[in-house]
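Shown next, in structure tokens, is the structure this report addresses.
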Amino acid sequence: MPELPEVETIRIGLAKLLPGLVIQDVQHDWQKSFPNAPADAVRFMMKASVKAVHRRAKVLIIDLSSKYSLVIHLKMTGQLVYVGKKRFGAGHPNKSLAGDLPDKSTRVTVDFTDGSKLFFNDQRKFGWMRLMPKIDVTEIDIFRKVGTEPLEDDFTVERFIERLSRRERSNIKSVLLDQTIIAGVGNIYADESLWGAKIHPSTLVGDIPKAKMVALYSSLRDVLNLSIEKGGSTDRNYVDSEGKPGSYLSFANVFRKNGQPCPRCGTTIEKIKVAGRGTHICPHCQKEPK
DNA sequence: CACTTGACCTGTCCGC
DNA sequence: TGCGGACAGGTCAAGT
């Protein structure tokens, strides 16, 4: 579920909430959700305080005062929700989406010494949290191979075109989803940015004229920035660090809008399959390549 | 190398 | 109301 804007929204929230808190205990209910966590590793978390919260691609990194970091990938249905002591229990701000915690999808609970808690929930159990020595964090595959961050200042349109051109003979949608080319784009923002640039998702990268590549670059950055501003996209599962949903989907133009009119031309939006993924297009604005 | 398929899981929705 | 199948925003490995 969570793509760059959702993970970044969580990071912004946690960066305000966690630093300075001291870990008292950690529990987990599913080995795959908290791998590499032998008793020893968990012991190294005790009494450590949170120093900082970072994001790279769709991965969160919580640096501790010890030599370790908590590294978290939310995959499809992961949530990372902080519940402060004052709000814990009755009156939680979002009963409908984050409910009373822990619940049946809570995989890992981190207790802090002030009585507050950080819950890692994950319905489908695809996500994970790992405790890693800081020096090893960059050795995770996704960090070794991951592409450029699309919102960094030095991610110019020239770099965008250079990176995409490494996959000239692939269709543009699968290239946008390829984390080794550009980091953080998933199905929602791939569809939205392609609609913005009027490019059919099956178009081969090498067949896209330069002007459209420039349009796609702008469209992608605009869509990601707008979504961060709106707190991300909530379909079913996504909530931010305080358990609140994001509102971007009400600004989306094509994603999950099949059957509705295209906001630009009024043609009915269709849902097709490209690169094995559900894909939303306006068949008038985004002409299928020959 | 490009692309597809299947796997990892649970929950929901849709049609019969 | 029950049941089977398709599907869900992400990655990874293996096969063609």
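The analysis underlying the following values was restricted to heavy atoms, covering all of them including side chains, and did not include hydrogens, waters or symmetry mates. Here is the naming used below: chain letters follow the sequence lines, and residue numbers restart at 1 for every chain. Source: prediction; values computed, not measured.
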Pick the P atom in C:dT11 and in B:dG11, then give their distance to the nearest Å.
-> 22 Å
Does A:K104 have a side-chain nitrogen or oxygen under 4.0 Å from the phosphate oxygens OP1 or OP2 of B:dT10?
-> no
Quick one: which of C:dT11, B:dG11, C:dG9 gets closest to the side chain of A:Q123?
-> B:dG11
Kindly point out which of B:dA2, B:dC9, B:dC13 is positioned nearest to the side chain of A:R236?
-> B:dC13
Rounded P spacing from C:dA6 to B:dA7 in Å | 14 Å
Identify whether NZ of Lys or CZ of Arg in A:R107 sits under 6.0 Å from the centre of the six-membered ring of A:W128 and within 45° of that ring's axis.
-> no
Is any side-chain N or O of A:K75 closer than 4.0 Å to OP1 or OP2 of C:dT11?
-> no
Could you check whether A:K145 gets within reach of a base, just the sugar-phosphate, or nothing at all, counting any heavy atom under 4.0 Å?
-> nothing
Centroid-to-centroid, A:Y248 to A:Y189, below 6.0 Å?
-> yes
Report yes if the side chains of A:E192 and A:N253 come closer than 4.5 Å at any heavy-atom pair, otherwise no.
-> yes
Check whether any side-chain nitrogen or oxygen of A:T77 sits under 4.0 Å from OP1 or OP2 of B:dG11, and answer yes or no.
-> no
When the distance from CZ of A:F120 to P of B:dC9 is rounded to whole Å, what number comes out?
-> 13 Å
For C:dT1 versus B:dT12, give the span between their C1' atoms, rounded off to a whole number of Å.
-> 16 Å
Want to know the stems of DNA chain B: at least 3 consecutive Watson-Crick or G-U pairs with distances under 3.5 Å, which are they?
-> B:2-8 with C:10-16, B:10-16 with C:2-8
Between A:D122 (CG) and C:dG9 (C1'), how many Å, whole number?
-> 13 Å
When all nucleic acid strands are considered with a 4.0 Å heavy-atom cut-off, which category describes A:W128: base, sugar-phosphate, or nothing?
-> nothing
Contact class for A:G276 (heavy atom, under 4.0 Å): base, sugar-phosphate, or nothing?
-> nothing
With a 4.5 Å heavy-atom cut-off, do A:T106 and A:K117 have their side chains touching?
-> no
How close or far is atom P of C:dG9 from atom CG of A:N187, stated in whole angstroms?
-> 5 Å
Out of C:dT11, C:dG9, B:dA2, which nucleotide sits closest to the side chain of A:I188?
-> C:dG9
A:Q179 atom CD is separated from C:dG9 atom P, nearest whole Å, by 14 Å
Under 6.0 Å from the NZ atom of A:K67, do we count more than 12 heavy atoms belonging to anything else shown?
-> no
Rounded off to whole Å, could you give me the CD-to-C1' distance for the A:E168 and B:dA2 pair?
-> 14 Å
Charged N to carboxylate O under 4.0 angstrom, A:K58 versus A:E6?
-> no
Determine: side-chain N/O of A:K58 to OP1/OP2 of C:dT11, distance under 4.0 Å, yes or no.
-> yes
Distance between P atoms of C:dC7 and B:dT4 (Å, rounded) = 16 Å
Among C:dG9, C:dG10, B:dA2, the nucleotide that comes nearest once only the side chain of A:R167 is considered | B:dA2
For A:L74 and C:dG10, give me the distance from atom CG to atom P, rounded to whole Å.
-> 12 Å
Between C:dT11, C:dG9, B:dT10, which one does the side chain of A:R124 approach most closely?
-> B:dT10
Here the distance between atom P of B:dC13 and atom CZ of A:R256, to the nearest Å, is 11 Å
Separation between the P atoms of B:dG6 and C:dG5, rounded to whole Å = 15 Å
From the options B:dC13, C:dC7, B:dC8, select the nucleotide whose nearest atom is closest to the side chain of A:K32.
-> B:dC8
Select one nucleotide: of B:dT10, C:dG10, C:dC7, the one nearest the side-chain heavy atoms of A:K271.
-> C:dC7
Choosing from B:dC9, C:dG9, B:dC3, which nucleotide comes nearest the side chain of A:R277?
-> C:dG9
Under the 5.5 Å and 30° test, is A:F126 stacked on the base of B:dC8?
-> yes
